[in-house]
Amino acid sequence: MNTTEAIQKRRSIRHYDPAFNISEKDIRELIALAMLSATSYNIQHWKFVVITDPKLREAIRAASFDQSQVTDASSLILVCTDIKAWEKDMPRKWKDAPKEVSDFMVARSKVFYESKDQLQRDEAIRSASFAAQTLVLSAISKGYETGIMIGFEPEKVAKLINLPNNFIISNFVVIGKGIEEPFLRGGQLPIEEVLIKDRF
Ligand SMILES: Cc1cc2nc3c(=O)[nH]c(=O)nc-3n(C[C@H](O)[C@H](O)[C@H](O)COP(=O)(O)O)c2cc1C
């Protein structure tokens with residue numbers, strides 16, 4: 001399936017076959033693809049928390065307005081993101097680049113983010129969002145159905161997964177075999193309203 005087809009095929013699926021299994025190898029491969037998403041200064045804010053414990057899935061479902069996909073989809077991945085990733089391990093994130101590039105990126109990233117709380121948070125969510133979309137499109141290309149979710153109680157879920165300080169759960173991604181046709185698309189706004197030339 002090419003990218004255009006995957007984008008057109010993607011719909012939010014809410015009901016899944018609980019008996020359907022996706023191998024750990026496939027999930028690992030999908031996460032490895034998501035990790036190739038663009039990220040400012042190559043910061044890679046993301047952690048992909050794959051929830052495999054059925055009891056934990058139940059508890060997360062209870063904190064997610066009882067949405068059935070949380071327990072029934074083959075895979076539940078919590079895309080978490082580290083607000084402070086910009087100050088962690090930057091030389092390691094540039095270790096394969098030429099030294100002058102690496103030195104420049106490490107120094108510039110510090111200047112760019114230091115003392116800018118809103119920007120640090122925005123960037124963490126941005127990186128996680130790109131990664132979630134890559135994860136979803138990769139899963140669709142492999143023939144699975146997916147859903148992205150923010151319908152959960154963040155404090156409760158954070159507690160359930162021992163979310164570290166300064167991390168946010170950006171969104172959930174569910175992947176599996178859908179057992180229903182999606183709703184008709186709600187309707188896209190006309191491109192004339194959305195595509196703006198040069199200035200508002
Ligand atoms: C950030 C985000 C959070 C969402 N949260 C939920 C959710 O908690 N439960 C749900 O059923 N759908 C959720 N959705 C799916 C949206 O309702 C859906 O993307 C939208 O209606 C467009 O439909 P489509 O994805 O099928 O094109 C979410 C989508 C996004 C992007």
Side-chain angles (χ1 to χ4, degrees), residues 1-18 20 22 30-31 33-35 37-40 44-51 54 56-83 85 118 120-161 163 167-195:
M1 192 183 303
N2 66 34
T3 309
T4 304
E5 287 165 343
I7 291 168
Q8 287 169 338
K9 197 161 187 300
R10 188 211 60 78
R11 294 300 314 281
S12 294
I13 300 301
R14 295 175 173 90
H15 297 287
Y16 290 85
D17 176 357
F20 186 73
I22 302 178
L30 294 175
I31 290 174
L33 290 168
M35 288 169 60
S37 303
T39 175
S40 181
Q44 306 167 65
H45 303 75
W46 43 62
K47 303 281 182 208
F48 302 90
V49 183
V50 182
I51 310 293
L56 185 53
R57 286 261 206 132
E58 287 289 351
I60 294 175
R61 176 171 168 170
S64 305
F65 310 104
D66 198 33
Q67 297 192 74
S68 66
Q69 60 270 50
V70 172
T71 50
D72 294 354
S74 311
S75 187
L76 169 67
I77 302 171
L78 276 49
V79 183
C80 298
T81 192
D82 181 0
I83 298 170
Q118 179 73 49
Q120 291 170 19
R121 189 185 162 92
D122 290 350
E123 211 69 274
I125 299 281
R126 251 178 226 133
S127 289
S129 304
F130 286 125
Q133 182 74 343
T134 307
L135 184 59
V136 157
L137 291 178
S138 306
I140 289 165
S141 302
K142 271 191 172 290
Y144 301 126
E145 267 103 35
T146 66
I148 293 175
M149 301 171 58
I150 52 155
F152 59 89
E153 296 175 77
E155 286 88 14
K156 283 190 185 165
V157 180
K159 221 172 193 168
L160 287 167
I161 63 163
L163 190 74
F167 276 65
I168 310 168
I169 305 169
S170 177
N171 58 273
F172 297 179
V173 171
V174 290
I175 307 173
K177 182 180 175 193
I179 53 169
E180 57 159 14
E181 286 299 310
F183 302 141
L184 280 179
R185 280 190 193 276
Q188 309 316 119
L189 295 171
I191 195 164
E192 291 71 24
E193 260 182 52
V194 177
L195 190 166

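Whatever order the structure lists them in is the order used to number ligands and atoms, beginning at 1. Below, each value reflects all heavy atoms present in this structure, side chains not excepted, and no hydrogens, waters or symmetry copies. Predicted model, so just to flag it, every value in this text is computed and none were measured.
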For Gln69, atoms of ligand 1 separated by under 4.0 Å from a heavy atom:
11 (O)

Quick check on atom 20 (C) of ligand 1 - does any protein heavy atom sit closer than 4.0 Å to it?
no

Contacting atoms of ligand 1, where contact means under 4.0 angstrom from a heavy atom of Arg185
27 (O)

Can you name the residues that form a salt bridge (charged side-chain N to carboxylate O under 4.0 Å, His left out) with Arg10, not counting sequence neighbours?
none

Which option out of Gln188, Gln133, Gln67 puts a heavy atom nearest to atom 9 (N) of ligand 1?
Gln67

Measure from atom 7 (C) of ligand 1 to the protein's non-hydrogen atoms and state whether any distance is below 4.0 Å.
yes

Are Ile161 and Ile169 close enough that some pair of their side-chain heavy atoms sits under 4.5 Å apart?
yes

Glu180 atom CD, neighbour heavy-atom count above 12 within 6.0 Å:
yes

Give me the nearest non-hydrogen protein atom to atom 27 (O) of ligand 1 as residue plus atom name, then the distance to 0.1 Å.
Arg10 NH2, 2.9 Å

By side chain to side chain donor-acceptor pair (under 3.5 Å) - contacts of Thr134 (at least two apart):
Ser37

Among Phe65, Phe48, Phe152, ring-ring contact (aromatic ring centres under 6.0 Å, His included) partner for Phe172:
Phe152

So is Asn171 close enough to ligand 1, meaning a heavy atom under 4.0 angstrom away?
no

Among all the protein's non-hydrogen atoms, which is closest to atom 18 (C) of ligand 1, and how far away is it?
Ser12 OG, 3.3 Å

For atom 5 (N) of ligand 1, which protein heavy atom lies nearest, and how many Å away is it?
Ile150 N, 2.9 Å

Check each atom of ligand 1 against the heavy atoms of Arg14 and keep those under 4.0 Å away; list them by number with element.
10 (C), 11 (O), 12 (N), 15 (C), 16 (C), 17 (O)

Is it the case that atom CE in Met35 sees more than 12 heavy atoms from other parts of the structure closer than 6.0 Å?
no

Would you kindly specify which portion of Arg11 sits under 4.0 Å from ligand 1, judged on non-hydrogen atoms: side chain, backbone, both or neither?
both

Closest heavy-atom contact between Lys142 and Leu30?
CD-CD2, 3.8 Å

Atom 31 (C) of ligand 1 has as its nearest protein heavy atom Ile148 CG2, 4.1 Å

Taking the side chain as every heavy atom from C-beta outward, state whether Ser68 and Arg61 have any pair of such atoms under 4.5 Å apart.
yes

